[in-house]
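The chains referred to below are lettered A, B, ... by the order of the sequence lines, with proteins before strands, and numbering in each begins at 1. Values below: all heavy atoms of this structure, side chains included; hydrogens, waters and symmetry mates excluded.
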Protein chains: 4
Amino acid sequence: MSALPISRGPGAVRNERARRAILRAASELLAIDGYDHLTIEGIAARAHVGKPTIYRWWSSKSALIAECLVDHTLLPGTFAPQNTGDIIADISAWFEDVIHFMSEPGTSTLVRSIIAAAVDNPEVAVQLGERLGATPDSLEGRFRSGVDTGELKKGTPAKELSETLLSVVIYKIIAREDFKDGDSALFTRMLVSSSLAT
Amino acid sequence: MSALPISRGPGAVRNERARRAILRAASELLAIDGYDHLTIEGIAARAHVGKPTIYRWWSSKSALIAECLVDHTLLPGTFAPQNTGDIIADISAWFEDVIHFMSEPGTSTLVRSIIAAAVDNPEVAVQLGERLGATPDSLEGRFRSGVDTGELKKGTPAKELSETLLSVVIYKIIAREDFKDGDSALFTRMLVSSSLAT
Amino acid sequence: MSALPISRGPGAVRNERARRAILRAASELLAIDGYDHLTIEGIAARAHVGKPTIYRWWSSKSALIAECLVDHTLLPGTFAPQNTGDIIADISAWFEDVIHFMSEPGTSTLVRSIIAAAVDNPEVAVQLGERLGATPDSLEGRFRSGVDTGELKKGTPAKELSETLLSVVIYKIIAREDFKDGDSALFTRMLVSSSLAT
Amino acid sequence: MSALPISRGPGAVRNERARRAILRAASELLAIDGYDHLTIEGIAARAHVGKPTIYRWWSSKSALIAECLVDHTLLPGTFAPQNTGDIIADISAWFEDVIHFMSEPGTSTLVRSIIAAAVDNPEVAVQLGERLGATPDSLEGRFRSGVDTGELKKGTPAKELSETLLSVVIYKIIAREDFKDGDSALFTRMLVSSSLAT
DNA sequence: AGCTAAACGAGACGGTACGTCCTGTCTTAAG
DNA sequence: CTTAAGACAGGACGTACCGTCTCGTTTAGCT
């Protein structure tokens with residue numbers, strides 16, 4: 001994504017200050033204006049950077065957003081389920097965390113902007129999933145460890161469960177449907193209970 | 001959405017030919033160019049229509065796409081599950097139909113464009129859901145009738161199941177992940193089996 | 001050069017206010033900044049006009065300058081020799097006028113800018129020549145009438161004389177050589193005396 | 001104009017190879033692209049030289065062009081009148097030479113580019129004049145020797161005659177007017193005959 | 001049948017942003 | 001200490017669309 005400052009023969013090396021300023025400005029403007037009002041020109045101005053400096057390193061707005069996510073400039077936190085031995089409770093708690101986060105003012109709008117970028121660029125979708133915990137290590141890992149400890153049946157589709165949870169969150173943001181009380185428990189049971197070991 | 005030709009005093013009445021030409025042009029260009037390269041100017045030119053004629057009747061590109069969907073100019077077909085009495089088979093078959101449709105060349109790109117419009121305009125999300133069968137009558141209705149016939153437990157969350165199925169389809173399109181053989185059965189079982197009456 | 005506001009079928013008609021504002025702004029900025037610092041963007045801003053409005057009607061900076069000259073927005077006055085019957089005196093007086101004009105502060109810089117445009121666009125050269133009096137009617141006409149009245153020999157090359165006078169003025173501006181006292185008489189005699197009837 | 005590779009204390013000395021490559025590249029690009037499409041960046045790339053190396057030694061594009069002329073990298077030849085004792089024939093022959101040169105394909109375009117540089121930088125005008133023969137030694141000298149030998153009247157304005165001949169050539173290039181057959185004789189007689197001794 | 005007003009096609013307008021090119025300066029690594 | 005290479009901040013380029021606004025023309029209900 002970003003070139004490492006490896007020697008490339010003579011010539012000046014990439015300016016890290018500019019890179020940080022650009023990611024910062026892009027993240028701030030995405031939150032303020034939304035993805036479709038986000039402009040390279042605006043980012044360049046806010047970062048006190050020339051437009052060509054942006055185009056030199058990123059091929060599109062969505063690639064820039066992807067790097068903002070990788071860099072944790074956008075969505076600094078990460079969601080990961082705990083492992084208390086009670087998978088229904090753990091996943092439900094994770095879901096509750098995500099719902100709570102999305103209910104903060106401005107957050108669902110920001111995430112919707114990120115989804116708009118994700119439609120352009122699947123890398124953004126991957127990064128957004130990672131930030132929300134839908135990764136092999138995190139959500140999927142919790143399901144796998146449930147299988148290992150005998151809490152869940154063998155053959156439980158950990159990846160698909162993880163992906164489905166993420167899908168529901170993303171769909172609700174797109175459709176601008178708020179989560180209701182009990183949704184975290186409802187969706188968790190709906191998805192997970194059939195995989196519980198008897 | 002579209003004004004009926006109710007009398008509004010003297011003066012010409014809305015031109016239906018123009019309306020159809022606009023929806024047609026918008027649908028074609030969406031398929032060709034994608035949502036972000038779709039322009040009002042391009043639609044007007046292709047429909048041999050003045051730009052103000054478009055602005056007179058639609059407030060945004062996404063509202064226009066929403067009407068294309070309502071009008072069945074975009075995505076002419078509709079997906080609906082059958083009711084054979086075997087809900088796993090019925091939902092799985094519906095899922096298989098959708099997967100098959102999405103695998104046609106150009107379709108997933110077109111649907112991704114519709115999703116881009118949906119991020120702007122939740123009405124588009126609703127219409128896309130309807131076209132894919134995620135409606136109270138269709139997918140949700142199949143779940144409710146399963147409850148009524150005793151095939152599914154009482155308290156089965158029909159709406160949430162329907163919505164989750166739609167979410168998964170939309171997520172896969174956004175993330176550009178292809179469905180694999182067996183996914184229809186896998187996701188169906190994962191979601192529905194816990195609601196089966198014992 | 002500029003489309004007359006003739007009916008061109010349907011559609012809005014050219015905005016004369018915008019046209020005037022553009023010519024005015026271009027003329028002012030040419031005087032202030034010089035031709036190479038003259039920018040379409042700057043003209044658009046000063047005229048409170050969109051850049052495309054300029055590009056719609058003029059293909060280049062130099063075409064715009066040409067129309068400024070045609071329109072008398074740039075170099076409002078015109079130089080023309082009198083006809084007192086004494087051609088040496090008349091041409092010399094014309095020359096003196098031009099020299100005096102060029103010695104006003106800023107004028108030679110402005111004319112040099114016009115010459116820069118003329119290098120791009122021969123139409124500008126023609127218009128500059130017209131403004132300085134090197135036209136069939138004016139300077140050339142004075143020579144022709146001298147032939148007609150018998151003041152000058154038959155076969156006197158009126159056009160070439162006129163052009164040479166213009167050439168000298170333009171060269172001096174390019175080379176940034178000031179005219180000296182007596183130059184008007186000197187050059188006039190040098191050029192004209194060999195054509196005097198004996 | 002150009003520093004000789006004289007030692008200036010410790011450290012590397014000016015690289016003559018780079019200087020030649022730059023002048024060569026500038027001359028070639030001027031002929032190919034014209035003055036307004038000539039860029040420092042393009043020259044640097046063609047000369048395999050860093051941009052700062054150009055900025056270190058020349059203050060502007062026009063200064064670079066001036067040195068190309070001084071260096072005979074641009075316009076290698078020189079025009080000078082002969083002295084056969086018949087000044088009308090000599091000047092006319094010189095004029096014919098210049099006209100013939102300008103009629104070669106590409107030459108008038110190249111010279112027009114040099115004139116564009118001359119508008120920025122009077123040194124270029126001087127150098128162009130020198131190359132065309134309008135120098136105290138050459139054209140002006142021929143007039144002065146005509147005075148000395150009694151061919152021309154005392155008080156003949158040698159400098160102004162020389163300058164006027166140059167002016168006409170430059171004007172014709174700017175205005176893109178071709179010379180016609182007989183122009184060399186016509187202009188020569190027009191200018192010179194009044195100075196012939198009787 | 002004539003009037004009136006809406007809707008229409010066309011397209012010019014003031015603007016914003018695009019992605020590119022170039023400017024002149026600064027930084028680095030090689031020699 | 002100069003050089004080739006090249007990144008940088010900045011500014012202008014010429015283009016594409018935006019959404020609004022005039023134009024004349026067409027259309028169709030209402031007098």
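Enclosure of atom CZ in C:R24 is not indicated, since only 12 or fewer non-hydrogen atoms of other residues, nucleotides or ligands lie within 6.0 angstrom. Around the CZ atom of C:R176, the shell of radius 6.0 Å holds more than 12 heavy atoms that belong to other residues, nucleotides or ligands. Residue B:H37 places its NE2 atom among 12 or fewer non-hydrogen atoms of other residues, nucleotides or ligands, all under 6.0 Å distant.
In the helix from E:dA1-F:dT31 to E:dG31-F:dC1, the rotation axis of the first five pairs and that of the last five pairs differ in direction by 10°, rounded to 10 degrees.
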Distances under 3.5 Å between nitrogen or oxygen atoms of protein and nucleotides 16-18 of chain F:
{"residue": "F:dC18", "atom": "OP1", "partner": "B:I40", "partner atom": "N", "Å": "3.0"}
{"residue": "F:dC18", "atom": "OP2", "partner": "B:I40", "partner atom": "N", "Å": "3.2"}
{"residue": "F:dC18", "atom": "OP2", "partner": "B:E41", "partner atom": "N", "Å": "2.9"}

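Checked against side-chain hydrogen bond (donor to acceptor under 3.5 Å, both in side chains), B:E41 has the following partners two or more places apart in sequence or in another chain: B:K51. By the side-chain hydrogen bond (donor to acceptor under 3.5 Å, both in side chains) test, A:S108 pairs with no residue at all, sequence neighbours left out. Residues satisfying the salt bridge (charged side-chain N to carboxylate O under 4.0 Å, His left out) test with C:D120, not counting sequence neighbours, are none.
Atom CD1 of B:I43 and atom C1' of F:dG19 are 14 Å apart (whole Å). The distance from atom CD1 of B:I54 to atom C1' of E:dG9 is 12 Å, rounded to the nearest whole Å. Distance D:L64 CG to E:dT23 C1': 15 Å, rounded to the nearest Å. The interatomic distance linking C:W58 (CH2) with E:dC13 (P) rounds to 9 Å, in whole Å. Residue B:E16 contributes atom CD, which lies 15 Å from atom C1' of E:dC8 at whole-angstrom precision. Protein atom CG of B:N15 is 14 Å distant from nucleotide atom C1' of F:dT25, rounded to whole Å. E:dG14 atom P lies 11 Å from atom CZ of C:R14, rounded to whole Å. In this structure, the CD1 atom of A:I22 is 10 Å from the C1' atom of F:dC8, given to the nearest Å.
For the pair B:L38 and B:A26, the tightest heavy-atom approach, listed with the atom from each and the gap, is CD1-O, 4.0 Å. For the pair C:A47 and C:A21, the tightest heavy-atom approach, listed with the atom from each and the gap, is CB-O, 3.5 Å. Contact record, B:A116 with A:V119: CB-CG1, 3.9 Å, taken as the closest heavy-atom pair. When all heavy atoms of B:A25 and B:I43 are compared, the pair lying nearest together is CB-O, 3.8 Å. Here the closest heavy-atom approach between residue B:L69 and residue B:L128 is recorded as CD1-N, 4.2 Å.
Each of B:A47 and C:A44 was matched to the nucleotide of DNA chain E holding its nearest heavy atom; the match closer to the 5' end belongs to B:A47.
Within the structure, a side-chain polar atom (N or O) of B:W57 is placed less than 4.0 Å from OP1 or OP2 of E:dC8. Between A:T53 and F:dA9 there is a side-chain polar atom (N or O) within less than 4.0 angstrom of OP1 or OP2. OP1 and OP2 of F:dT2 both lie 4.0 Å or more from every side-chain N or O belonging to D:R56.
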Working for side-chain contact (heavy atoms from CB on, under 4.5 Å), residues C:W57 and C:I22: CA-CA 11 Å; C:W57 300 108; C:I22 290 165; 5.8 Å; no
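Across residues 114-121 of chain D, not one residue has a non-hydrogen atom less than 4.0 Å from an atom of DNA chain E.
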